[in-house]
Protein chains: 2
Amino acid sequence: MHPADTRTAILETSARLYADLGYSAVSMRDVASAMGMTPANLYHHFKNKDDLVRETVAHVFAEKTEPIAEMLEAESRDADRLDLFIDHFVRLLTGDRVFFRFLVRELVDGDEGRLDDLAHTVLERPFRLVSGLADIRQPEEERFLATVSMIGVILGHALLAPLLPHLPGGHAGFADPTSITNHISAALRHAAASDLETK
Amino acid sequence: MHPADTRTAILETSARLYADLGYSAVSMRDVASAMGMTPANLYHHFKNKDDLVRETVAHVFAEKTEPIAEMLEAESRDADRLDLFIDHFVRLLTGDRVFFRFLVRELVDGDEGRLDDLAHTVLERPFRLVSGLADIRQPEEERFLATVSMIGVILGHALLAPLLPHLPGGHAGFADPTSITNHISAALRHAAASDLETK
DNA sequence: TCGAACTTAACGAACGTTCAGAAAGCCACT
DNA sequence: AGTGGCTTTCTGAACGTTCGTTAAGTTCGA
């Protein structure tokens with residue numbers, strides 16, 4: 001196999017395994033046998049396990065940076081941009097379970113350095129977009145918290161999705177991305193309408 | 001040491017370690033040496049590692065069930081109850097990092113059985129409370145999603161808290177529980193006001 | 001003194017990692 | 001076109017360590 005292909009294939013295999021089981025629960029032998037190769041060969045492509053983990057995290061996030069940037073530049077009208085962002089972000093988090101699990105894992109486990117990487121490679125651009133669309137008349141703290149709530153409520157929906165069938169009155173259908181998108185968009189329009197009337 | 005004390009002490013030690021590093025990254029020897037005892041003695045109190053993990057999860061969640069139940073019964077006026085719930089839940093998630101990490105870990109990693117446990121022991125009662133306070137005139141799906149958003153936005157804030165200092169215009173002060181509580185309560189009042197006017 | 005709490009010592013298995021060498025791709029030269 | 005040699009990719013086999021777990025024996029409180 002061509003070298004670059006093998007390297008990428010390893011990263012995608014290990015990404016799936018790490019997302020499912022966590023870094024320390026997945027051995028080099030696990031990754032190797034999932035790839036149909038010998039563990040020793042992994043050490044030809046990566047210095048050691050820590051290197052493989054870091055490269056895998058970087059690979060998973062790098063893959064998502066481009067689509068997010070494209071989405072942000074696709075639409076120009078503010079209201080549409082926010083709706084579009086919500087739609088894309090919900091679909092990204094609920095659709096790609098590997099990416100979502102890496103994101104949460106890094107948020108919960110990451111040290112300062114890894115959090116800094118995460119902030120700049122994945123979340124900074126969406127954050128700037130949402131923050132820029134917030135009501136400019138609000139104080140800075142209010143605007144910042146509103147942005148966190150916006151991103152946070154989408155993260156929260158993705159996080160709670162697997163739990164919904166176990167809650168009273170819930171079933172898996174409520175985790176449908178379209179339902180979530182519509183609901184959040186509607187709630188946002190309500191809040192905006194209320195804002196206009198009370199100010 | 002008294003038997004029940006030792007058992008509880010083990011559970012609290014392992015809870016801290018598991019929350020920090022994940023289940024599979026913490027060995028029985030790690031737990032034992034953090035307790036100042038021999039790994040073999042752990043097997044006098046717990047059948048095996050899997051048993052210790054399950055008991056630890058149950059212990060962490062059981063500890064939090066009582067305070068949540070108390071909180072739910074403390075206040076009677078609906079608006080106050082919701083505010084009070086938000087305040088308590090925000091403080092619970094941002095204040096007790098061990099509990100929060102267990103919660104997220106189980107949400108992300110748990111199989112169906114563990115998710116079912118989690119739903120019933122921790123999240124069902126808050127869910128019923130918030131759900132019961134939602135506008136009764138709304139269709140069932142809308143009410144359910146609104147409840148998920150309510151719990152989700154708090155989870156999202158707790159999840160994003162460590163990232164805030166790394167985002168543009170952000171600093172750790174924005175993760176202050178009082179700020180978050182006030183912000184969410186205010187946003188909710190806005191939405192409610194908008195609801196009354198548009199219906 | 002009896003049973004619960006704990007230690008010492010060890011087991012086989014799995015771990016991350018290394019290294020010498022086999023297989024395979026590539027490129028110049030005849 | 002074929003062949004020799006060089007580099008890259010990969011394997012086989014092993015290393016020392018750590019893992020979960022067990023058995024037998026010791027300490028100690030009731």
Side-chain angles (χ1 to χ4, degrees), chain A residues 1-60 98 101-102 105-106 109-111 113-114, chain B residues 1-60 98 101-102 105-106 109-111 113-114:
Chain A
M1 208 184 232
H2 291 69
D5 292 353
T6 301
R7 203 186 137 89
T8 304
I10 293 174
L11 289 176
E12 266 150 30
T13 298
S14 62
R16 210 187 59 242
L17 294 175
Y18 290 152
D20 282 349
L21 304 165
Y23 307 134
S24 60
V26 176
S27 70
M28 295 301 267
R29 283 171 175 83
D30 290 337
V31 176
S33 82
M35 281 293 297
M37 60 171 58
T38 290
N41 193 28
L42 292 177
Y43 288 84
H44 176 71
H45 295 278
F46 302 94
K47 219 175 66 206
N48 51 37
K49 180 173 180 176
D50 203 67
D51 185 41
L52 175 58
V53 169
R54 272 187 296 99
E55 293 283 314
T56 303
V57 174
H59 177 75
V60 168
V98 171
R101 291 179 137 184
F102 266 93
R105 237 179 257 286
E106 290 296 303
D109 292 337
D111 55 33
R114 290 170 81 142
Chain B
M1 208 186 238
H2 290 70
D5 293 353
T6 300
R7 201 187 139 88
T8 304
I10 294 173
L11 289 175
E12 265 150 29
T13 297
S14 62
R16 209 186 61 241
L17 294 175
Y18 290 151
D20 282 347
L21 305 165
Y23 308 134
S24 60
V26 175
S27 69
M28 296 299 267
R29 284 170 176 85
D30 290 337
V31 176
S33 83
M35 281 293 296
M37 61 171 57
T38 289
N41 193 29
L42 292 176
Y43 288 83
H44 177 73
H45 296 276
F46 303 93
K47 217 175 68 206
N48 51 36
K49 181 173 179 177
D50 204 67
D51 185 42
L52 175 58
V53 169
R54 272 187 296 99
E55 293 283 316
T56 303
V57 174
H59 177 74
V60 168
V98 171
R101 290 179 138 186
F102 266 92
R105 238 179 257 285
E106 290 296 304
D109 293 337
D111 55 33
R114 291 170 82 143

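Below, read A as the first sequence line, B as the second, and so on, with proteins coming before strands; counting in each chain starts at 1.
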Closest approach to the side chain of His45(A), judged atom by atom: which nucleotide of dC6(C), dC10(D), dT17(C) is it? dC10(D)

Once rounded to the nearest 0.5 Å, what's the spacing between atom CG of Asp51(A) and atom NE2 of His45(A)? 12.5 Å

Taking only residues two or more places apart in sequence, or in another chain, which ones meet Ser24(B) in a side-chain hydrogen bond (donor to acceptor under 3.5 Å, both in side chains)? Ser24(A)

Could you identify which residues of residues 20-32 of chain B place a heavy atom less than 4.0 Å from some atom of DNA chain C, listed by residue number, or say none? Arg29(B)

Ala15(B): which residues meet the side-chain contact (heavy atoms from CB on, under 4.5 Å) condition with it, sequence neighbours left out? Thr56(B), Val60(B), Val98(B), Phe102(B)

Residue set satisfying salt bridge (Lys or Arg N to Asp or Glu O under 4.0 Å) with Asp50(A), at least two apart, ordered chain then number -> Arg54(A)

Once you round it to whole Å, what is the distance between P of dC19(D) and CG of Leu42(B)? 13 Å

Across all chains, not counting sequence neighbours, the side-chain contact (heavy atoms from CB on, under 4.5 Å) partners of Ala34(B) are Thr13(B), Leu17(B)

Please collect all salt bridge (Lys or Arg N to Asp or Glu O under 4.0 Å) contacts where either partner lies in residues 18-27 of chain A, sequence neighbours excluded, each pair once. Asp20(A)-Arg101(A)

So, OP1 or OP2 of dT9(D): does either fall under 4.0 Å of a side-chain N or O from His44(A)? yes

Sequence neighbours excluded, which residues qualify as salt bridge (Lys or Arg N to Asp or Glu O under 4.0 Å) partners of Asp30(A)? none

Five-pair end axes of the helix from dT1(C)-dA30(D) to dT30(C)-dA1(D) and the angle they enclose, rounded to 10°: 20°

Quick one: is dC10(D) close enough that its OP1 or OP2 comes under 4.0 Å of any side-chain N or O from Thr6(A)? yes

Rounded interatomic separation in angstrom, taking CD1 from Ile10(A) and C1' from dC10(D): 11 Å

Expressed as a whole number of angstroms, how long is the span from Asp51(A):CG to dG16(C):P? 14 Å

Rounded distance in Å - NZ (Lys49(B)) to C1' (dA13(C)): 15 Å

Length of the CG-P vector between Asp50(B) and dC19(D), whole Å: 17 Å

Keeping Arg29(B) on the side-chain end and Pro39(B) on the backbone end, is there a donor-acceptor pair under 3.5 Å? no

Which pairs, protein N/O on one side and nucleotides 22-27 of chain D N/O on the other, fall under 3.5 Å?
none

Give every residue pair that meets the ring pair (Phe, Tyr, Trp, His ring centres under 6.0 Å) criterion with at least one member in residues 22-41 of chain B, sequence neighbours excluded. Tyr18(B)-Tyr23(B)

Could you check how far CG of Asp5(B) sits from P of dG29(D), rounded to whole Å? 14 Å

With sequence neighbours left out, the residues meeting side-chain contact (heavy atoms from CB on, under 4.5 Å) with Thr38(A) are Ala40(A)

Rounded to whole Å, please give me the gap between CG in Asn41(A) and C1' in dA22(C). 13 Å

Can you list everything that forms a salt bridge (Lys or Arg N to Asp or Glu O under 4.0 Å) with Arg16(A)? Sequence neighbours excluded, please. none

